[in-house]
Amino acid sequence: MISRLLELFLAYEEDPNVKLVILKGKGRAFCAGGDVVAVVHDIWAGGWRAGANFFMKEFSLNYLMATYSKPQVSILNGIVMGGGNGVSMHGRFRVATENSVFAMPETALGLFPDVGASYFLSRLPGFFGEYVGLTGARLDGAEMLACGLATHFVPSAKLPMVEAALCDADSSDPVIISSIIDQYCEKPSLKEQTVYNRLDVIDRCFSQRTVEEILSALEREVVDQRDGWIFATIQTLKKASPTSLKISLRSIRVGRVQGVGACLAREYRMVCHVMRGEFSKDFFEGCRAILLDKDKNPKWEPSKLEHIADTTIDRYFSKVKDEDWEDLKPPTRSKFNLPPYVIAKL
């Protein structure tokens with residue numbers, strides 16, 4: 001699917017008859033993510049390079065979408081998780097509905113928020129991106145709109161009308177496209193218990209320098225407030241892979257000051273280290289416990305945050321020491337052909 005999308009997006013960019021690209025899912029999801037189990041089986045059968053080839057292609061597609069010269073309208077009707085965010089969040093327009101469910105649940109699998117998530121999560125309000133990336137929290141369509149992950153909210157019943165109107169307009173002008181989608185938009189109400197109303201607590205806790213300090217800050221909040229949501233957040237973090245939490249926090253923090261290409265190149269280094277399993281095999285253990293055996297009881301190694309040195313985390317961000325390995329080489333882009341909102345990402 002990634003190979004086909006890459007092929008189509010490259011062709012559509014050169015085709016003057018194509019004015020915009022509408023991307024939507026078929027069925028109850030927009031896209032529930034990449035097939036991680038298939039990647040793991042490929043690695044077991046053919047070594048880590050089989051996985052590296054998959055991620056090279058996926059991240060190249062993410063970069064192409066992020067720097068696309070024509071508007072992309074992603075219709076996020078249903079689940080949009082993991083790799084599904086890579087093929088939607090980098091696009092110009094992201095339409096959520098009452099069925100949308102966003103999450104980046106990688107830390108529970110021994111992975112980290114990839115597909116350019118260190119770019120788009122780090123640009124959410126305050127430290128909301130750190131919260132979402134470390135906990136794998138699920139957001140609904142109203143929350144996606146509120147934090148900026150979605151640009152529009154349209155009831156699912158009106159989506160066919162949005163598509164028809166966009167096709168009839170036959171325009172690449174973002175102002176025209178946005179005004180068309182606006183005609184079908186509604187302003188959704190945030191639920192009373194929405195996590196978005198807890199931004200003050202999230203900013204206090206998830207702005208801390210380390211994962212250990214984030215947990216300590218949350219535990220202090222529990223003492224002060226006796227809040228069930230804070231307790232659940234602590235438990236979620238304690239169940240996740242300690243190594244994943246540490247590399248994820250560093251990745252999002254570094255992403256705040258990098259362009260989208262640099263974020264994807266760094267994430268490619270990180271995912272290659274994860275697949276090689278030199279420092280931790282948590283990715284394989286997480287897939288076993290959550291996706292294969294489904295006992296939901298992963299045995300992380302190292303098992304505690306304090307057992308992971310900063311120098312070990314540094315190694316995830318370094319080049320892979322393999323003579324045949326190369327850094328990510330995304331499609332070449334010319335700034336002369338790109339609109340200003342794309343150039344800003346570089």
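What you see is a predicted model, and the numbers here were worked out from it, not measured in a lab. Starting from 1, each residue takes its place in the sequence as its number.
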Salt-bridge present ([X], [Y]; N to O < 4.0 Å):
| X | Y | answer |
| --- | --- | --- |
| Arg138 | Glu143 | no |
| Glu221 | Arg204 | yes |
| Glu306 | Lys304 | no |
| Glu326 | Lys319 | no |

Taking all heavy atoms of [X] and all of [Y], pick out the closest pair and write down the distance.
| X | Y | result |
| --- | --- | --- |
| Ala157 | Pro160 | O-CD, 3.6 Å |
| Ser178 | His152 | OG-NE2, 3.4 Å |
| Leu338 | Ile343 | O-CD1, 3.5 Å |
| Cys272 | Val320 | CB-CG2, 3.8 Å |
| Ser3 | Lys57 | OG-CD, 3.1 Å |
| Ala169 | Ile180 | CB-CD1, 3.3 Å |

Check whether any side-chain heavy atom of [X] lies under 4.5 Å from a side-chain heavy atom of [Y], and answer yes or no.
| X | Y | answer |
| --- | --- | --- |
| Met270 | Asp114 | no |
| Leu218 | Phe206 | yes |
| Ile181 | Phe93 | yes |
| Glu163 | Ile75 | yes |
| Leu109 | Glu106 | no |
| His273 | Ser318 | yes |

- Greater than 12 external heavy atoms within 6.0 Å of Lys24's NZ: no
- Report, as yes or no, whether the 6.0 Å neighbourhood of atom NZ on Lys19 holds more than 12 heavy atoms from other residues, nucleotides or ligands. yes
- Check the pair Ile234, Leu237 against side chain to side chain contact (heavy atoms under 4.5 Å, CB included), reporting the backbone distance first and the verdict last. CA-CA 5 Å; Ile234 292 168; Leu237 290 172; 5.9 Å; no
Do [X] and [Y] have a side chain donor and acceptor closer than 3.5 Å?
| X | Y | result |
| --- | --- | --- |
| Arg333 | Thr67 | yes |
| Ser74 | Gln72 | yes |
| Ser280 | Glu301 | no |
| Asn77 | Thr97 | yes |
| Ser171 | Asp173 | no |

Relative to the ring of [Y], is the ring of [X] parallel (under 30°), tilted (30 to 60°) or perpendicular (over 60°)?
| X | Y | answer |
| --- | --- | --- |
| Tyr12 | Phe9 | tilted |
| Phe279 | Tyr316 | perpendicular |
| Trp325 | Tyr268 | parallel |

- Item | Stepwise salt bridge (Lys or Arg N to Asp or Glu O under 4.0 Å) check, Glu219 with Lys238 | CA-CA 12 Å; Glu219 284 164 350; Lys238 287 184 174 180; 3.2 Å; yes
Measure the spacing between [atom1] of [X] and [atom2] of [Y] and express it to the nearest 0.5 Å.
| X | Y | atom1 | atom2 | value |
| --- | --- | --- | --- | --- |
| Thr233 | Arg198 | OG1 | CZ | 8.0 Å |
| Asp293 | Arg288 | CG | CZ | 5.0 Å |
| Cys31 | Leu76 | SG | CG | 10.5 Å |

- Message: I want to check a possible cation-pi pair here: Arg266 against Phe317, using under 6.0 Å from ring centre and within 45° of the ring axis as the test.
- Response: no
- Task: Step through it carefully: locate the ring centre of Trp229, locate the ring centre of Tyr131, and say whether they are under 6.0 Å apart.
- Result: yes
- Message: If you take the centroid of each ring, where Trp contributes its six-membered ring, are Phe128 and Tyr196 closer together than 6.0 Å?
- Response: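 Between Phe128 and Tyr196, which both carry aromatic rings, the centre distance is below 6.0 Å.
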- Criterion salt bridge (Lys or Arg N to Asp or Glu O under 4.0 Å) on Lys70 and Glu14, from CA distance to verdict: CA-CA 10 Å; Lys70 296 177 181 181; Glu14 300 299 320; over 6 Å; no
- Qualifying residue for salt bridge (charged side-chain N to carboxylate O under 4.0 Å, His left out) with Glu130, from Arg250, Arg123, Arg209, Arg256: Arg256
